[in-house]
Amino acid sequence: MLRDQFHLPAGPDGNPLIYFCGNSLGLQPRAAEAQLQEELASWRERGVEGWWGGPDGGWLGYHRRLQEGLARIVGAQPEEVVAANALTVNLHLLMVSFFRPAGRRSKIIMESGAFPSDQHAVRAQLAFHGLDPVDHLIEVRPEPGESMIDPVRIITAIEAVGDELALVLWSGVQYYTGQFFPLEEITAAGHRVGATVGLDLAHAAGNVPLSLHEWDCDFAVWCNYKYLNGGPGAPGGLFVHERHAQRPDLPRFAGWWGHRQSDRFAMKAEFIPEYGAAGWQVSTVPVLGLAPLLAGLPLFDAAGGIAALRQRSKELTQALYDELAQIPDLQLLTSADPEQRGAQVSVYLPGHRPDLEHQLSAAGLVVDYRQDNYDGSGGGVLRLAPAPLYNSLDEVRAVPELLLRTL
Ligand SMILES: *Cc1c(COP(=O)(O)O)cnc(C)c1O
């Protein structure tokens, strides 16, 4: 465990809080500050020449310094990934390229109850093509009374839309219920019916093992401030499969930073994309925004990579699941099957508890609480996410008492 490589926020008594909110904002790696200082020093001492001079050849190739680390985390080749823009922006940019409704093939399928930003983006893209979501957006929901979506339902739904399906957009780990979907099977089903497949990995990147290249997904997006500890508002990540690395036929909302670097500064009107994912950059690389991520990525390698972390994560999450299952009257929404969940257990609580998050953090436990978007019954959902890079079994074991005291 690399707990001592992170800053742990302290509670009122000065002791570290039990921080189970790494699915929302990962903690600060201790190395982040020095990396930021390094970029500030370069700016201070070199001004504009910081782009060409200084450590590691200057900021011009800054995105390349992140590619290998990110690629290992999502199971890709380095040129298939880039850190740029932000998750929702990347979703828009990649839908411009990969959601190309034509004739009968004009529909999108996604999980019901997807993260609101994804729902906004999908509806906005449909509207952009003059399509009504009522007819063109298919949302797959769990069976009545269930919180997990049976994977068989997903595959069946994809097959049912068949040659009318233009895009499968699916989440890796569902942000609310913690369900980890069988992404390889979903991707294959989408491709069988001739659709493109995009994944939202906001809650999956840095959490569960991914093999985007091998699974043959067309594109994926994620944020770097959740399990990847890149800091508040850190630029997002995107993946574009090697098959699409050099396709001048793809429409893009292009910008100069996606133009090939060799003649970017020739300032010509013609857009010639950089090879691979880097061609979807739009604006100047946000150096200060990416510095903490650059500092934090090596911790995943130090932990033995995602496979080793996942092992540890399963132990923590199983222990948490077992602890929570013993508390009377708690309804666990997350699957009991370790293969169908990430580092998260979601708990449904009846009744209106607007102050619960605050009460829990005063008791020493930082979790996330959302009111009433599970089944409209007026209850709410607590999400507890033990991050294997810095959370411990002792913290997991302390949870029931803190919960019982507060609920
Ligand atoms: C966290 C999250 C987002 C956030 O999007 P930003 O553009 O980074 O603000 C979007 N989608 C999902 C599924 C998320 O979990």
Side-chain angles (χ1 to χ4, degrees), residues 20-27 66 70 73-74 81-96 99 108-125 137 139-141 147-149 154 167-181 183 186 197-208 210 212 217 219-239 253 280-283 286 289-290 292-293 296 333-334 341-346 366-370 373-374 381-385 387:
F20 281 4
C21 227
N23 59 334
S24 183
L25 180 65
L27 289 180
L66 293 144
L70 285 175
I73 284 170
V74 298
V81 300
V82 74
N85 316 308
L87 187 154
T88 312
V89 175
N90 287 331
L91 188 52
H92 276 299
L93 295 174
L94 291 169
M95 287 181 75
V96 162
F99 173 54
I108 300 177
I109 197 165
M110 74 193 299
E111 89 260 21
S112 82
F115 194 88
S117 203
D118 301 45
Q119 300 195 44
H120 302 326
V122 161
R123 285 174 168 78
Q125 289 285 329
L137 180 59
E139 294 171 285
V140 184
R141 42 192 87 250
S147 50
M148 300 290 105
I149 306 177
I154 304 169
L167 174 69
V168 176
L169 180 65
W170 212 266
S171 68
V173 172
Q174 222 282 342
Y175 83 102
Y176 207 55
T177 64
Q179 180 170 10
F180 177 24
F181 293 107
L183 301 175
I186 291 171
V197 179
L199 301 176
D200 184 328
L201 304 174
H203 285 263
N207 176 10
V208 290
L210 300 164
L212 299 184
C217 313
F219 70 90
V221 295
W222 63 91
C223 35
N224 286 314
Y225 50 79
K226 292 175 178 166
Y227 291 99
L228 295 176
N229 312 308
L238 70 89
F239 163 92
F253 282 178
W280 275 267
Q281 297 175 101
V282 177
S283 294
L290 286 172
L293 181 65
L333 299 183
T334 306
R341 64 186 186 213
Q344 176 181 332
V345 182
S346 301
V366 183
V367 294
D368 171 285
Y369 179 70
R370 300 286 155 105
N373 53 350
Y374 164 56
V381 169
L382 266 187
R383 294 183 292 162
L384 301 97

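Positions are given from 1, in the same order as the sequence printed here. Just follow the structure's listing: the first ligand is 1, and inside any ligand the first atom is 1.
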- Message: Test of understanding: with ring-ring contact (aromatic ring centres under 6.0 Å, His included), list the residues that count as partners of Phe219, not counting sequence neighbours.
- Response: Phe98
- Query: Do the side chains of Leu228 and Trp222 get nearer than 4.5 Å, heavy atoms only?
  - Reply: yes
- Message: My understanding is that only residues two or more places apart in sequence, or in another chain, count here; which of them pass ring-ring contact (aromatic ring centres under 6.0 Å, His included) with Phe99?
- Response: His129
- Query: Can you find a side-chain donor-acceptor pair between Glu111 and Ser171 that sits under 3.5 Å?
  - Reply: yes
Give every pair formed by an N or O atom of ligand 1 and a protein N or O atom closer than 3.5 Å, one pair per line with both atom names and the distance to 0.1 Å, or write none.
unit_1: ligand 1; atom_1: 5 (O); unit_2: Thr88; atom_2: OG1; d: 3.4
unit_1: ligand 1; atom_1: 7 (O); unit_2: Thr88; atom_2: N; d: 2.9
unit_1: ligand 1; atom_1: 7 (O); unit_2: Thr88; atom_2: OG1; d: 2.6
unit_1: ligand 1; atom_1: 8 (O); unit_2: Tyr225; atom_2: OH; d: 2.6
unit_1: ligand 1; atom_1: 9 (O); unit_2: Tyr225; atom_2: OH; d: 3.4
unit_1: ligand 1; atom_1: 11 (N); unit_2: Asp118; atom_2: OD1; d: 2.7
unit_1: ligand 1; atom_1: 11 (N); unit_2: Asp200; atom_2: OD2; d: 3.3
unit_1: ligand 1; atom_1: 15 (O); unit_2: His203; atom_2: NE2; d: 3.0
unit_1: ligand 1; atom_1: 15 (O); unit_2: Lys226; atom_2: NZ; d: 2.6

- Would you say the side chain of Val282 lies within less than 4.5 Å of the side chain of Val89, judging by non-hydrogen atoms? no
- For Ala121, check side chain to side chain contact (heavy atoms under 4.5 Å, CB included) against everything at least two apart and list the hits. Thr88, Leu91, His92
